[in-house]
Protein chains: 2
Amino acid sequence: MIVIDYQDKRPIYEQIIDRFQILILNGALEPDMQLPSVRALAVELSINANTIQRAYSELEHRGLIYSVKGRGNFVSAQQDVVKEQQEKLLEELRTQLQVCKESGIEFIHVLDCVREIYQEVKV
Amino acid sequence: MIVIDYQDKRPIYEQIIDRFQILILNGALEPDMQLPSVRALAVELSINANTIQRAYSELEHRGLIYSVKGRGNFVSAQQDVVKEQQEKLLEELRTQLQVCKESGIEFIHVLDCVREIYQEVKV
DNA sequence: CAAAGTGTATTAATTGTATTAGTACACTTA
DNA sequence: TAAGTGTACTAATACAATTAATACACTTTG
C-alpha cells in the first residue's frame with residue numbers, strides 16, 4: 001500500500017503523507033476505514049514508529065484522518081476536506097505553471113503535457 | 001534582480017538558481033552578459049559569498065553560465081541548453097499533473113488552471 | 001608594477017531537520 | 001489481565017544549509 005523511495009530526497013514522513021493523501025482523495029480508502037497501526041506500519045516499512053506517527057499527525061491536522069486512543073487511525077475524508085486538499089494541489093500546479101510560463105515555455109507544450117497525462121489513448 | 005524569500009522553506013542557493021534560470025531561459029539575460037560578482041551579490045543580498053558560489057556552480061553545471069577566473073560569470077544560454085532545461089521543467093510538470101490526476105482532480109479543472117495562467121485576458 | 005576585483009578552494013563552527021532508539025502512560029479490546 | 005493502540009518525551013545520531021575566515025590564482029585598471 002505504501003512504498004518508500006530512498007532515492008527520493010524528500011523526507012520519509014512526507015512521502016507517507018503524500019501516498020495516503022492520494023489514496024484518500026481518490027477514494028481508494030473509504031471513510032472510517034482503518035489505517036495500519038503506527039507500530040505495524042513501522043515494522044512493515046522497516047522504519048521507526050516516530051516517523052509514522054509524524055505522518056499520521058499531519059494527516060490528522062489536514063482533516064484527512066482521525067485517531068482514537070487505544071483503537072487506531074481512521075479515514076475521515078469529509079467531502080469538503082477532500083476539496084480543500086485538491087485545491088491546495090491545484091495551487092501548487094499554478095505555481096509550477098507560472099514558472100513554466102516565465103521560463104518561456106509555450107502554451108501548446110504545456111497543453112500537450114496535460115493531454116499526455118490525462119488521456120488514456122496514445123497521442 | 002534577485003530576491004530571497006525567507007518564508008520559503010527551500011534553501012537560499014536553490015532560490016537563486018531558480019531565479020537566474022528563469023531570467024536566462026526567457027531571454028531577460030542575454031548571452032555573454034555578465035552576472036553580479038559572487039562577493040557583490042553576497043553583499044547585496046546580505047548572505048554569505050559561499051552560498052552565491054554554490055548557486056553559480058550549479059548554474060554552470062547546467063550549462064546556463066560560464067565562469068572565467070579573474071573576470072566573472074557570464075550567461076551562456078546556448079539554445080540547446082535552454083531547451084534541455086525547459087524539458088526538465090515540463091518533466092516536473094508531468095509529475096505534478098500525475099499527482100493531480102491520481103488525487104481525483106478532473107481534467108477540466110486542470111485545464112482551467114492552465115488557461116488561467118497562460119491567458120492574458122480575464123476568464 | 002601594484003592594487004583592486006574576480007573566481008575558486010578549504011576548513012571550521014553553527015544551526016536546523018530527519019531519523020532512530022528507548023521509555024512511559026492512557027486507553028480499548030479480546 | 002494481556003495485548004494492541006495512540007501519544008508524549010528525551011537522547012543520540014546524521015546530514016544539509018549557512019556562515020565565517022582564509023588563502024590562492026587570475027584579470028583588469030591606474
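Order of the sequence lines fixes the chain letters, A, B, ..., with proteins taken first and strands second; residue numbering starts at 1 for each chain. On a predicted model such as this, the values are computed, not experimentally measured, just so you know.
Comparing D/dT19, C/dA21, C/dT19 by their nearest atom to the side chain of A/Asn48 picks out C/dA21. Residue A/Lys69 has its side chain nearest to D/dT7 when only D/dT7, D/dT28, C/dT20 are considered. Among the nucleotides C/dT20, D/dT7, D/dT19, the one closest to the side chain of B/Thr51 is D/dT19. Comparing C/dT19, C/dT8, D/dT27 by their nearest atom to the side chain of B/Arg39 picks out C/dT8. When the nucleotides C/dT19, C/dA18, C/dG7 are ranked by their closest atom to the side chain of A/Arg54, C/dA18 comes out on top. Ranking D/dT7, D/dA17, D/dG6 by closeness to the A/Ser37 side chain, first place goes to D/dG6.
One atom, CD1 of A/Ile47, and another, C1' of D/dT13, lie 17 Å apart when rounded to the nearest Å. A straight line from CZ of B/Arg10 to P of D/dA16 spans 19 Å, rounded to a whole angstrom. Across the protein-nucleic acid pair, A/His61 atom NE2 and D/dG6 atom P stand 20 Å apart, rounded to whole Å. In this structure, CD1 of A/Ile65 is placed 13 Å from C1' of D/dT5, rounded to the nearest angstrom. Between the P atom of C/dT6 and the OH atom of B/Tyr66 lies a distance of 16 Å, rounded to the nearest Å. Atom pair A/Phe74:CZ and C/dC27:P shows a separation of 17 Å (rounding to whole Å applied). Note: CD1 (A/Ile52) to C1' (D/dT7) measures 15 Å, nearest angstrom. Atom-to-atom, CD of B/Gln53 to P of D/dA17 comes out at 16 Å; the value is rounded to the nearest Å.
In this structure, B/Glu14 does not pair ionically with B/Arg19, as no charged nitrogen and carboxylate oxygen lie closer than 4.0 Å. The pair B/Asp18-B/Arg10 meets the salt-bridge criterion, with a side-chain N (NZ, NE, NH1 or NH2) lying under 4.0 Å from an Asp/Glu carboxylate O. The pair A/Arg115-A/Asp112 meets the salt-bridge criterion, with a side-chain N (NZ, NE, NH1 or NH2) lying under 4.0 Å from an Asp/Glu carboxylate O.
Heavy-atom contacts from other residues, nucleotides or ligands closer than 6.0 Å to CD of A/Glu91 number more than 12. More than 12 heavy atoms of other residues, nucleotides or ligands shown are found within 6.0 angstrom of CE on A/Met33. Within a 6.0 Å radius of CD in A/Glu106, no more than 12 heavy atoms belonging to other residues, nucleotides or ligands are found.
Phosphate contact (OP1/OP2 of D/dT5, side-chain N/O of A/Asn73, threshold under 4.0 Å): absent. Not one side-chain nitrogen or oxygen of A/Tyr13 sits closer than 4.0 Å to the OP1 or OP2 atom of C/dT19. Applying the 4.0 Å criterion to OP1 and OP2 of C/dG7, one finds that B/Arg71 has every side-chain N and O outside that range. Put simply, B/Ser67 has a side-chain N or O that comes within less than 4.0 Å of OP1 or OP2 on C/dT8. OP1 or OP2 of D/dT7 has not a single side-chain nitrogen or oxygen of A/Ser57 nearer than 4.0 Å.
Each of A/Val68 and A/Tyr6 lies near DNA chain C, and the nucleotide nearest A/Tyr6 is the one positioned closer to the 5' end.
Nucleic acid contact class of B/Asn50 (heavy atoms, under 4.0 Å, all strands): base.
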